[in-house]
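See below for the structure under consideration.
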Amino acid sequence: MMMNVPFRVTSMLEHAEWYFAKKEVTSRTMSGIRKFSYREIGERTRRLSSALKRLGVQKGERVGTLAWNHHRHLEAYFAIPGVEAVLHTINIRLSPQHIAYIINHADDQILFVDQDILPLVEALKDHIPNVKAFILMTDEDELPQSPLQPLYHYEKLLETGDPAYEFPQNVDENDPVGMCYTSATTGNPKGVTYTHRSTVLHSMSLGLADGGSVSESDVLMPVVPMFHVNAWGLPYAATWFGSKQVMPGPRFTPQLLAELIEMEKVTFAAGVPTIWMGLLQELEQNSYDTSSIRAVICGGSAAPKGMIKTFEEKHNIPFMHAYGMTETSPLVIATRLKTYQSDLDDEAKLDYKAKQGYVVQGVEMKVIGANGEVKWDGHEMGELLLRSNWIADEYYNDDRTEGTFNDGWLHTGDVVTVDEEGFVKIVDRTKDLIKSGGEWISSVDLENAIMAFPDVFEASVIAVPHPEWQERPLACVVLKPEAKGKVPKEDIVEFLRPQFAKWWIPDDIVFMDEIPKTSVGKFLKRTLRDQLKDHYMTTAKS
Ligand code: ADP
């Protein structure tokens, strides 16, 4: 038999303090860029833990953060588990009602707030009566006037803390350490609770050579917010493995990201497609040295093939497409070409890179279609089911657990195909799939094709009730400003015809000024479906 040493989140920071004390975290805050060694981060974190203890934070209590990516947020990532409390990172881009809902649902006792986010929290004051104290993460010497009371100054609180505070060593690895809520597309957000065990195992997987391969030699820049699935777990992994971290701070621009890449010699950066689109534009307009980058990792929604191609071919930046969810910590699937695939031509390689990839070691998947498990032929569609030690098995105090977590599997709600190499391609979300005359049509494939039309700025394809076919695809299209009013619908339809089976082609196109989006920039198809639900019914009658 073997030892059973409990996994512990704070052990990752201890490792950095012992072995990587001199390595740095570059942090951009409201007042500029500062650098801290892991020795300093460790000491400040211990001070913070001891101060939280003195404020009365108890084991298992939730402590919320409303903050950007910077060193103070990183300290909170470890200091809150350091008193056996639960770090609840709150997505500041949710609606104020949803933010209040999740603060109350998680029963947050204390909130850490960034200076520029303070007004948002002040506006919620009367709706979050259970919060006992607020801690302002600020560079200013003095606290501003605020109706939020008691309000503590982060740095002054640290001064009262003990730099030699010892993190509890005998924790239960199944105790909760973190919480995130999924950005809701329907109903209230749903909470997911991470444990010591799930967090450490997920971090370890980020270090796998054939996974994220996060290592000491990396300069890692998480652009994905620390309030969005814990910046995909990268702050934990980077600390543990002793990577230098570059935290881009509040309200950054593509120009700032490009400057940080050049200045700090970033090797690995993570973000959603819109971030990389913005960076590409900046790289097209101005010249930067990006030669340090060994990979950018992109997930959250599908990365367009054209973007991957430009990154790799024009800028020589390797691109890694990855898939995950709040429920999955999040990294579970990523593209890594196999050695024998290097013989493929560039276009075929690109096709694989544009897929989401295959599961990382430690994750198992099943894909269930209308007739059970689908064939790995790249065509048959089914729902993606996953299980792993870093996947949730329930939502926090929520009756929506049933239906998503069944028989030991997470039912992702994503419809996929799998090819003979095991590469998964996300075809759609179950609720967005268009079911026309008993067949399935992928809204994502149609959108990507329409967005390749030169005059189109963005496009969203939705299912709309149809008197004969149950549902038909309807394309909602935003044209580029210079093309508005000048492109006939037929041109777009003709453009699609050679690319799809006849019955996939949308019967109609609706031009609009803007497509409604969720807080994390995904198309809000529910709103479109509500607005346009009578479209074919009325056109059929008239
Ligand atoms: P939410 O579910 O609230 O949008 P998440 O950030 O947890 O928030 O999003 C998870 C979903 O995002 C997945 O179920 C999937 O539909 C989509 N997604 C994530 N990564 C990718 C990707 N690389 N390609 C396509 N879709 C993705």
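When a ligand or atom number is given, it counts from 1 through the structure's own listing order.
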With atoms numbered from 1 as shown, which atoms in ligand 1 lie under 4.0 angstrom from a non-hydrogen atom of Thr326? 5 (P), 7 (O)
Is any N or O atom of Met325, backbone or side chain, closer than 3.5 Å to an N or O atom of ligand 1? no
Pair Arg387-Glu364, salt bridge (charged side-chain N to carboxylate O under 4.0 Å, His left out): steps then yes or no: CA-CA 5 Å; Arg387 69 173 182 184; Glu364 292 170 41; 2.9 Å; yes
So Tyr181 and His105, ring pair (Phe, Tyr, Trp, His ring centres under 6.0 Å) or not? Walk me through it. CA-CA 10 Å; Tyr181 281 72; His105 189 262; 5.7 Å; yes
Can you find an N or O of Ala322 that's nearer than 3.5 Å to an N or O of ligand 1? yes
Which of these, Ala303, Gly324, Gly299, has its nearest heavy atom closest to atom 19 (C) of ligand 1? Gly324
Ligand 1 and Thr182, any nitrogen or oxygen pair closer than 3.5 angstrom? no
List ligand 1 atoms under 4.0 Å from His321, heavy atoms only on the residue side. 22 (C), 23 (N), 24 (N)
Sequence-distant partners of Lys305, salt bridge (Lys or Arg N to Asp or Glu O under 4.0 Å), two or more places apart: Glu347, Asp351
Which of the numbered atoms in ligand 1 are below 4.0 angstrom from a heavy atom of His228? 6 (O)
Ligand 1-proximal atoms of Asp414, by part, heavy-atom distance under 4.0 Å: side chain
Closest heavy-atom contact between Val332 and Val363? CG1-CG2, 3.7 Å
Hey, mind stepping through Val192 and Tyr395 against side chain to side chain contact (heavy atoms under 4.5 Å, CB included) and telling me if it holds? CA-CA 5 Å; Val192 173; Tyr395 289 121; 4.1 Å; yes
Looking only at distance, does Ile426 have an N or O less than 3.5 Å from an N or O of ligand 1? no
Do Thr412 and ligand 1 have an N or O pair less than 3.5 Å apart? no
Against heavy atoms of Gln356, which atoms of ligand 1 measure under 4.0 Å? 22 (C), 23 (N), 24 (N), 25 (C)
Could you pull out all residues at least two apart from Glu61 that satisfy salt bridge (Lys or Arg N to Asp or Glu O under 4.0 Å)? none
Mark up the atoms of ligand 1 that fall under 4.0 Å of a heavy atom belonging to Ala302, in ascending order. 22 (C), 24 (N), 25 (C), 26 (N)
Looking only at non-hydrogen atoms, find the nearest pair between Trp276 and Ala269 and report the distance. CH2-CB, 3.6 Å
Which atoms form the tightest heavy-atom contact between Ile80 and Leu87, and what is the distance? CG2-N, 3.5 Å
